[in-house]
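Take a look at the structure below.
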Amino acid sequence: MSISPLHDWNLAPSEAIALQKRLASRVERADRLEPVRHLAGVDIGFEQGGEITRAAVVVLAWPPGASGEFEPATLEIVEQVVHREPTRMPYVPGLLSFREVPAAVAAFDELTVWPELVMVDGQGIAHPRRIGVASHLGLWLDLPTIGVAKSRLCGRHGEPGPARGDWTPLVDGPEDEVIGAVLRSRVKVKPIFVSPGHRVSLPTSLAWVIRCLGPTKLPEPTRLADRLASRRGRVG
DNA sequence: GCGACAG
DNA sequence: ATCTTGTCGC
């Protein structure tokens with residue numbers, strides 16, 4: 001499957017910021033998704049001191065199947081791809097997408113099964129210019145995306161309740177605009193930050209992340225991609 | 001000028 | 001993100 005490029009990725013910081021401001025208006029915050037049959041998780045890892053970028057995509061079947069009587073539902077892995085390429089940009093807070101999206105898009109290019117929804121390791125609109133890596137990737141792939149981050153980039157929030165599934169809004173700006181949710185995905189564990197990426201609302205984003213929660217703090221799509229990208233899990 | 005700062 | 005030993009808990 002080929003994806004048409006929308007711009008050149010080797011930009012100076014000021015140019016990247018200007019581009020984000022233009023692209024932000026194209027990010028859709030209302031639900032516009034097809035029935036989900038395949039869900040994907042994406043994450044990027046690095047090798048050789050950061051010289052090599054590893055993009056991992058894991059495609060899971062939906063709905064989940066029961067692994068057996070009294071066993072929890074399991075998300076079956078339909079396909080996995082690992083794409084390696086030279087790293088092109090350093091990490092700059094707020095400009096993460098310019099470093100990670102190219103490799104992620106290349107990995108999606110190798111998929112034979114196209115998902116209807118994607119969970120990305122990082123922020124969606126919970127970003128200074130409302131276009132984090134999840135939103136940016138969604139724009140490029142023209143797919144609904146949800147951002148699932150392990151820590152905060154911007155915004156204010158209170159402490160979510162102690163129960164699994166408890167959450168509190170993440171707000172930002174002078175008007176306290178709601179840009180995401182701080183979700184307690186596991187009891188007694190630091191919460192995760194969920195935000196709409198592209199073509200998905202916050203309620204829908206939260207619903208999907210919660211229904212994909214497995215035994216660990218991260219939802220299964222992101223957890224599996226994380227494992228693959230950091231070469232802990234199976235080989236690519 | 002002084003912090004804060006996804007991965 | 002990645003580099004890394006030991007340690008706490010189910």
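Labels below follow one simple rule: chain letters A, B, ... track the order of the sequence lines, proteins then strands, and each chain is numbered from 1. Because only heavy atoms are used, hydrogens play no part in the values below, and waters and symmetry mates are left out as well, while side chains stay in.
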Point to revise | Strand DNA chain B as a dot-bracket string - pairs counted if Watson-Crick or G-U with both distances under 3.5 Å, | where the partner lies in another strand | key: .......
Within the side chain of [X], is there an N or O that forms a donor-acceptor pair under 3.5 Å with the backbone of [Y]?
X        : Y        : result
A:Glu15  : A:Ala12  : yes
A:Arg164 : A:Ser185 : yes
A:Thr87  : A:Glu51  : yes
A:His127 : A:Gly94  : yes
A:Thr145 : A:Val118 : no

Check your understanding: Among all residues two or more places apart in sequence or in another chain, which pass the side-chain hydrogen bond (donor to acceptor under 3.5 Å, both in side chains) test with A:Arg199?
Key -> A:Asp142
Review point. With A:Ala104, which residues qualify under side chain to side chain contact (heavy atoms under 4.5 Å, CB included), at least two apart?
Key: A:Val42, A:Ile44, A:Leu137
Practice item. Only pairs at least two apart or in different chains count here, so list each ring pair (Phe, Tyr, Trp, His ring centres under 6.0 Å) that has a residue in residues 15-56 of chain A. Key: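 Not a single pair qualifies under ring pair (Phe, Tyr, Trp, His ring centres under 6.0 Å).
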Practice item. Name all pairs fulfilling the ring pair (Phe, Tyr, Trp, His ring centres under 6.0 Å) condition that reach into residues 145-192 of chain A, sequence neighbours left out, sorted by first residue then second. Key: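 Every ring pair (Phe, Tyr, Trp, His ring centres under 6.0 Å) pair that includes a residue of residues 145-192 of chain A, provided the two are not neighbours, is A:His157-A:Phe193.
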Revision key, fill the gap. If one requires at least 3 consecutive Watson-Crick or G-U pairs with distances under 3.5 Å, the stems of DNA chain C turn out to be none
Between the protein and nucleotides 2-7 of chain B, are there any N/O to N/O pairs under 3.5 Å, and if so, what are the atom names and distances?
from	atom 1	to	atom 2	distance (Å)
B:dA4	O3'	A:Arg152	NH2	3.3
B:dC5	OP1	A:Arg152	NH2	2.6
B:dA6	OP2	A:Tyr91	OH	2.6
B:dA6	N7	A:Gly94	N	3.2
B:dA6	N6	A:Gly94	O	3.1
B:dA6	N6	A:Leu95	N	3.4
B:dA6	N6	A:Leu96	N	3.2
B:dA6	N1	A:Val133	N	3.1
B:dA6	N3	A:Gln123	N	3.2
B:dG7	OP1	A:Lys150	N	2.7
B:dG7	OP2	A:Ser151	OG	3.0

Exercise for review: Quick one: do A:Thr168 and A:Glu159 satisfy side-chain hydrogen bond (donor to acceptor under 3.5 Å, both in side chains)? Show the steps, please.
Suggested key: CA-CA 7 Å; A:Thr168 184; A:Glu159 183 72 13; over 6 Å; no
Under-3.5 Å N/O pairs linking protein and nucleotides 7-10 of chain C:
none

Review point. Between residues 165-175 of chain A and DNA chain C, which residues have a heavy-atom gap below 4.0 Å?
Key: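 Those residues: none at all.
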Exercise for review: Please step through side-chain hydrogen bond (donor to acceptor under 3.5 Å, both in side chains) for the pair A:Asp31 and A:Thr204, ending with a clear verdict.
Suggested key: CA-CA 7 Å; A:Asp31 288 320; A:Thr204 298; 2.7 Å; yes
Taking side chain to side chain donor-acceptor pair (under 3.5 Å) as the cut-off, I'd like each qualifying pair that reaches into [range], sequence neighbours left out, listed once.
range                       : value
residues 93-103 of chain A  : A:Ser97-A:His136
residues 205-221 of chain A : A:Glu220-A:Arg223
residues 16-25 of chain A   : A:Gln20-A:Arg129

Point to revise | Aromatic ring proximity A:Trp140/A:Phe108, centre distance under 6.0 Å | key: no
